[in-house]
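The figures that follow rest on heavy atoms only: side chains count, while hydrogens, waters and symmetry mates do not.
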Amino acid sequence: MTQTISNIASDAIRDIFGRPKALIGMVHCPAFPGAPRYRGAAVDSLYDTCMRDAEALVAAGFHGLIIENHGDIPFSKPDDIGYETAAFLSVITDRIRRALGVPLGINVLANAPIPAIATAVAGGAAFVRVNQWANAYVANEGFMEGRAAEAMRYRAALRADGVKIFADSHVKHGAHAITADRSVEELTRDLAFFDADCVIATGNRTGDSAATEEIRTIGGATHLPVLVGSGVTEANVCEILGLTSGVIVASSLKEGGVWWNPVDPARAAAFVKTAQEALEA
């Protein structure tokens, strides 16, 4: 059978953000009840922590946010994630959406599109990020399979076709020996074949920048918008925006450049000011 690619999703970035390029900030949620690092904090304090970071990012000029359960380390595999994760994320998402009014995305770690889609529908988010949408690899959590088939059927069952899929290509935090006989171009084309709406390029791990050559390779292999989802800093954002439809930024905006710290408003504002040159080009 000849492989074809979907052209249903032509420009999800413009559809969601109303612009050709977007700056997306990351809200790293603290550990939720049920996670190993949760230490009994009041639930409202968890929500307040997320809201402070979201407010700082939007005040700095970010066009949208992704809300992620990054505090739930070590991450569970998709089938082991408790119902409480989607519940807490849904409340946080709804509160941020009502307060700030910017487009929101959801990422449930590790590689859990079904709770992410459930959260997006309940909380009013516009998209979900899925680190492994097609194919398979070995991650910190073990063997990870692409979840596109079940996720798309679940999205259809919820009548939530408006929730877009942002999928990583050559995903970070993983070994790709399983797909080593296939090129990055082929892996990228698989995302469109399985109806993703955007492609995300990353480095090897959180905070690592995607290589310029890999960004070009991924962009040349797909008609979908391409974002860079790790290692974006004030120093490289203009170059990256010249090659892509946007960036997802986290660690470089935090106090001390460390992902688990709060957002530093001054860092966030300086980042957006620098990025404006590329956004207006």
Side-chain angles (χ1 to χ4, degrees), residues 6 8-9 12-13 15-16 24 26-29 32 35 64-70 72-73 75-90 92-94 103-174 178-179 187-202 206 222 224-225 227 229-230 248:
S6 168
I8 296 172
I13 296 300
D15 292 345
I16 293 171
I24 305 171
M26 182 69 74
V27 175
H28 285 143
C29 299
F32 294 135
L65 307 170
I66 295 180
I67 301 168
E68 180 181 270
N69 63 320
H70 210 317
D72 287 351
I73 296 172
F75 305 123
S76 296
K77 295 179 75 172
D79 293 337
D80 298 326
I81 293 172
Y83 302 121
E84 69 279 357
T85 299
F88 289 122
L89 282 170
S90 295
I92 290 167
T93 302
D94 180 69
L104 302 177
I106 305 297
N107 190 21
V108 178
L109 301 168
N111 203 51
I114 287 179
I117 291 169
T119 299
V121 174
F127 65 97
V128 300
R129 180 179 182 178
V130 186
N131 300 110
Q132 190 69 15
W133 184 243
N135 296 296
Y137 74 122
V138 177
N140 303 132
E141 299 82 17
F143 181 67
M144 286 292 210
E145 295 181 84
R147 312 292 298 237
E150 60 185 319
M152 292 301 274
R153 284 163 174 79
Y154 182 69
R155 190 181 74 168
L158 296 186
R159 299 178 184 247
D161 290 351
V163 176
K164 304 295 186 183
I165 307 297
F166 287 29
D168 289 34
S169 179
H170 208 215
V171 62
K172 63 185 176 182
H173 293 294
I178 297 169
T179 56
L187 298 176
T188 300
R189 284 191 286 269
D190 288 343
L191 302 178
F193 186 50
F194 278 3
D195 289 342
D197 299 292
C198 286
V199 177
I200 301 172
T202 71
T206 298
T222 184
L224 299 175
L227 308 171
S230 69
I248 301 167

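Legend: ring-ring contact (aromatic ring centres under 6.0 Å, His included) pairs involving residues 103-123, not counting sequence neighbours: none detected. Applying the side chain to side chain donor-acceptor pair (under 3.5 Å) rule to pairs touching residues 145-154 yields D79-R147, R147-E150, sequence neighbours excluded.
T202 and S230 form no side-chain donor-acceptor contact under 3.5 Å, judged by distance and modelled atom types alone.
Counting only heavy atoms from C-beta outward, the side chains of T222 and L191 never approach each other to under 4.5 Å. Residues I13 and L227 have side chains in contact (heavy-atom distance under 4.5 Å, counting atoms from C-beta outward). A 4.5 Å side-chain heavy-atom check between Q132 and D168 finds every atom pair outside the cut-off. Counting only heavy atoms from C-beta outward, the side chains of D197 and L224 never approach each other to under 4.5 Å. Contact annotation: the side chain of S169 never approaches that of W133 to less than 4.5 Å [non-hydrogen atoms, C-beta and beyond]. Counting heavy atoms from C-beta on, the side chains of L158 and I117 come closer than 4.5 Å. Here the side chains of F166 and V130 are not in contact, with every heavy-atom distance at 4.5 Å or above. Using a 4.5 Å cut-off on side-chain heavy atoms (C-beta onward), I200 and R129 make contact.
Taken to the nearest 0.5 Å, the CD1 atom of I73 stands 4.0 Å off from the CZ atom of F75. One finds the CZ atom of F194 at 7.5 Å from the CG atom of N135 (value rounded to the nearest 0.5 Å).
Under the 30°/60° scheme for interplanar angles, the aromatic rings of H28 and H70 are found to stand perpendicular.
Of all heavy-atom pairs spanning V121 and A160, the tightest one is CG2-CB, 3.6 Å. Minimum heavy-atom separation, A122 to S90: CB-OG, 3.6 Å. P78 and N111 make their closest contact through CG-O, 3.0 Å (heavy atoms, listed as atom of the first residue, atom of the second, distance). Minimum interatomic distance between A125 and I106 (heavy atoms only, all atoms of both residues): CB-CG1, 3.8 Å.
For the pair T93 (side chain) and L89 (backbone), a donor-acceptor distance under 3.5 Å is present.
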What do the steps show when you test I165 against M152 for side-chain contact (heavy atoms from CB on, under 4.5 Å), and what is the final call? CA-CA 9 Å; I165 307 297; M152 292 301 274; 4.3 Å; yes

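Here D72 pairs with N69 under the side-chain hydrogen bond (donor to acceptor under 3.5 Å, both in side chains) rule; sequence neighbours left out.
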